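Below you'll find the structure, written out as structure tokens, and then a few comments.
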Amino acid sequence: MSAGGSGIPRLQDLAYIEVAAQAVAEGRTFDEIRCALVGQAAKVARDSDTDGSFDERKWDRRRADGKRHVHNTVDVLKELMRLGWVERHILPSTPNSAYAHSDVTFRLTGNGVEWTALVRHDRLAAYNVLIGVLLGAHPQFEGFLRLVGARPDRLSTHFTIPLLKFDNRTHHSHQDFLGDFVDYAVDAATQGSLGWSAAREVIDHGVRGYVGRAEQRLSARERVMSRKLFITTCEEAMVRVAFSAAGCNLDYISHELLRRWTRFLGLTNFSYYAPGPPALRFWATSEVSGRGGEVAIRRSVGREARQAALEALPQIWLRQRGDAAGDMYLPVWRLRAAVCWHQRISDDEFDAAILGALRGDYPGLGFRVHLDQATHGATPPSTRPLVMSAQGGMPRVFNIIRVDPTHQNEEARN
């Protein structure tokens, strides 16, 4: 299998690069690298488990099955070869052929040896190096960063994709929704505040053509598109139209991977629920200049960013509470999206700021934060609760939040 090309590799987790590089450095075989990557996937699932549903036996079965995670293993090894950190070598073309490569070992290049040594001692510095190399290897990676505002030559500080919500009262068919969906996107684009622009014909042709092709593929398999799938397909079409109009051709999966990568790297954030008309919004949480060995990164992190977020919190809380008809509590994900969008910070910085306020790390704020584990309606799948470590190592999951002003005499006592 070739290691060429510059498209975005199908790596759900950039930490796979670290795990695979370390395994190559240790002289592990292809199958042992596959098992190490299964172990990384299991770790991610274990760390994100908040309800006790993690099943170690499921991951043991995947380790034992030599055909599982073969594609992931091939993709990460191809990427290491593309980055110039692993010497080129033939890789399995399918899971069924993996058995013929199970005992094959690989060799790091000089740059690969340096990076693997660095990641052992300074993980942040190593991932900053990775960012510089990715900028050179993947034009779409750089294009994405520029569009969302993370590069010096950015044209905007954000990138917004309008997404109309389905309304049962007015949308009685797929075509009803599709027409309104296109009109909504066109109206938003004409306002000039999205970070991109396109003519009506471009949006209409791009969205309808994409959706039509998807329907034809299903029809050829004698299947009918469900409402949920139709809405998702419209979103996929709009994402592709928006990025293409901005000069960065991305398929939907590549865009999903890039938003995940850049959030993991502390470079950008995104939300479907930031204040404003319904949309998927991206924004930079860093500035990335240079490339390769000359890359320099300035992130909006740490005490100063968290202090600023907490200072902005009361006014944002009041606006969000007003929109929620005076509820005493708000979903954490909703307030988080509003604060992060307003301050251009990441979800992790918001969570760290809230936990710091609860610990008393920021005296004199003028308000108190209250968290509760109760639920507040359905939690969107693209969001997460706020998790605190409790005694005994068990996580405590908080879904709702309240912000109350404090009196001066109460602050003085504390």
Side-chain angles (χ1 to χ4, degrees), residues 6-11 14 128 130-163 184-200 202-203 205-207 210 234-292 295-300 337 340-347 382:
S6 61
I8 301 304
R10 288 347 193 196
L11 301 180
L14 271 186
N128 285 345
L130 174 61
I131 291 167
V133 178
L134 288 173
L135 285 167
H138 300 294
Q140 291 171 319
F141 180 78
E142 178 168 22
F144 182 89
L145 289 179
R146 177 175 53 80
L147 291 180
V148 303
R151 293 289 277 173
D153 60 345
R154 60 184 175 268
L155 300 177
S156 177
T157 61
H158 69 95
F159 193 80
T160 299
I161 300 174
L163 298 173
Y184 179 78
V186 170
D187 289 344
T190 58
Q191 295 175 23
S193 59
L194 303 179
W196 61 277
S197 62
R200 168 179 282 276
V202 172
I203 296 174
H205 178 75
V207 172
Y210 186 100
C234 289
E235 177 184 335
E236 293 178 5
M238 195 64 241
V239 165
R240 188 156 192 167
V241 166
F243 278 103
S244 177
C248 182
N249 290 318
L250 282 176
D251 60 81
Y252 188 79
I253 295 176
S254 293
H255 127 271
E256 279 195 316
L257 291 169
L258 284 174
R259 75 189 194 187
R260 186 173 301 175
W261 287 11
T262 54
R263 176 186 271 182
F264 170 80
L265 294 168
L267 305 180
T268 74
N269 201 7
F270 71 90
S271 178
Y272 287 91
Y273 305 102
L280 169 57
R281 293 177 171 84
F282 304 86
W283 60 93
T285 60
S286 66
E287 181 171 290
V288 183
S289 57
R291 66 176 63 239
V295 72
I297 303 165
R298 182 171 58 84
R299 295 178 174 88
S300 298
C340 290
W341 168 249
H342 185 273
Q343 296 298 118
R344 299 298 197 263
I345 60 173
S346 69
D347 291 0
S382 65

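Values below: all heavy atoms of this structure, side chains included; hydrogens, waters and symmetry mates excluded. Since the model is a prediction, treat every value here as computed from it, not as a measurement.
Side chains of W261 and L267 form no contact here, defined as non-hydrogen atoms less than 4.5 Å apart. In this structure the side chain of H138 reaches within 4.5 angstrom of the side chain of P9, judged on heavy atoms. Annotation: side chain of V288 is in contact with side chain of L135 (closest heavy-atom distance under 4.5 Å). Under the 4.5 Å side-chain criterion, counting only non-hydrogen atoms from C-beta, L147 is not in contact with W196. In this structure the side chain of E236 never reaches within 4.5 angstrom of the side chain of D251, judged on heavy atoms. Considering only heavy atoms from C-beta on, F243 stays 4.5 Å or farther from Q140 through its side chain. Contact annotation: the side chain of R263 approaches that of D347 to within less than 4.5 Å [non-hydrogen atoms, C-beta and beyond].
In plain terms, the two heavy atoms of N128 and I297 that are nearest each other are OD1-CD1, 3.3 Å. P278 and Y184 get closest at one heavy-atom pair: O-OH, 2.8 Å. The shortest heavy-atom contact between A245 and A198 is CB-CB, 4.0 Å. Shortest non-hydrogen contact noted between A274 and A337 is N-CB, 4.0 Å.
Checking N269, T268, T285 one by one against T262, the side-chain hydrogen bond (donor to acceptor under 3.5 Å, both in side chains) holds for a single residue, T268. Exactly one residue among R299, R344, R154 makes a salt bridge (charged side-chain N to carboxylate O under 4.0 Å, His left out) with E287. That residue is R154.
In this structure, CZ in F264 is found 6.0 Å from CG in L14, a value given to the nearest 0.5 Å. The CZ atom of R146 sits 11.5 Å away from the OG atom of S156 when rounded to the nearest 0.5 Å. If you take CG on L258 and CG on L145, they are separated by 8.0 Å, rounding to the nearest 0.5 Å. Distance CG/L265 to CD1/I131: 4.5 Å, rounded to 0.5 Å. In this structure, the separation between CD on E256 and OG on S382 is 10.5 Å, given to the nearest 0.5 Å.
Checked against a 6.0 Å centroid threshold, the rings of F144 and F282 count as neighbours. Annotation: F270 is not in aromatic contact with H255 [ring centroid separation under 6.0 Å not met].
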>> Checking R240 against V207 for the side-chain contact (heavy atoms from CB on, under 4.5 Å) test, could you report, in this order, the C-alpha distance in whole Å, the side-chain angles of both residues, the deciding distance, and whether it holds?
In response: CA-CA 9 Å; R240 188 156 192 167; V207 172; over 6 Å; no
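A donor-acceptor pair is defined here as one N or O able to donate and one able to accept, closer than 3.5 Å; no such pair exists between the side chain of H158 and the backbone of A284. S244 contributes no side-chain N or O that, together with a main-chain N or O of V241, makes up a donor-acceptor pair within less than 3.5 Å. Without hydrogens or angle criteria, R291 side chain to S289 main chain gives no donor-acceptor distance under 3.5 Å. Remark: side-chain polar atoms of R259 are not paired, donor with acceptor, to backbone N or O of S254 under 3.5 angstrom. W283 contributes no side-chain N or O that, together with a main-chain N or O of T160, makes up a donor-acceptor pair within less than 3.5 Å.
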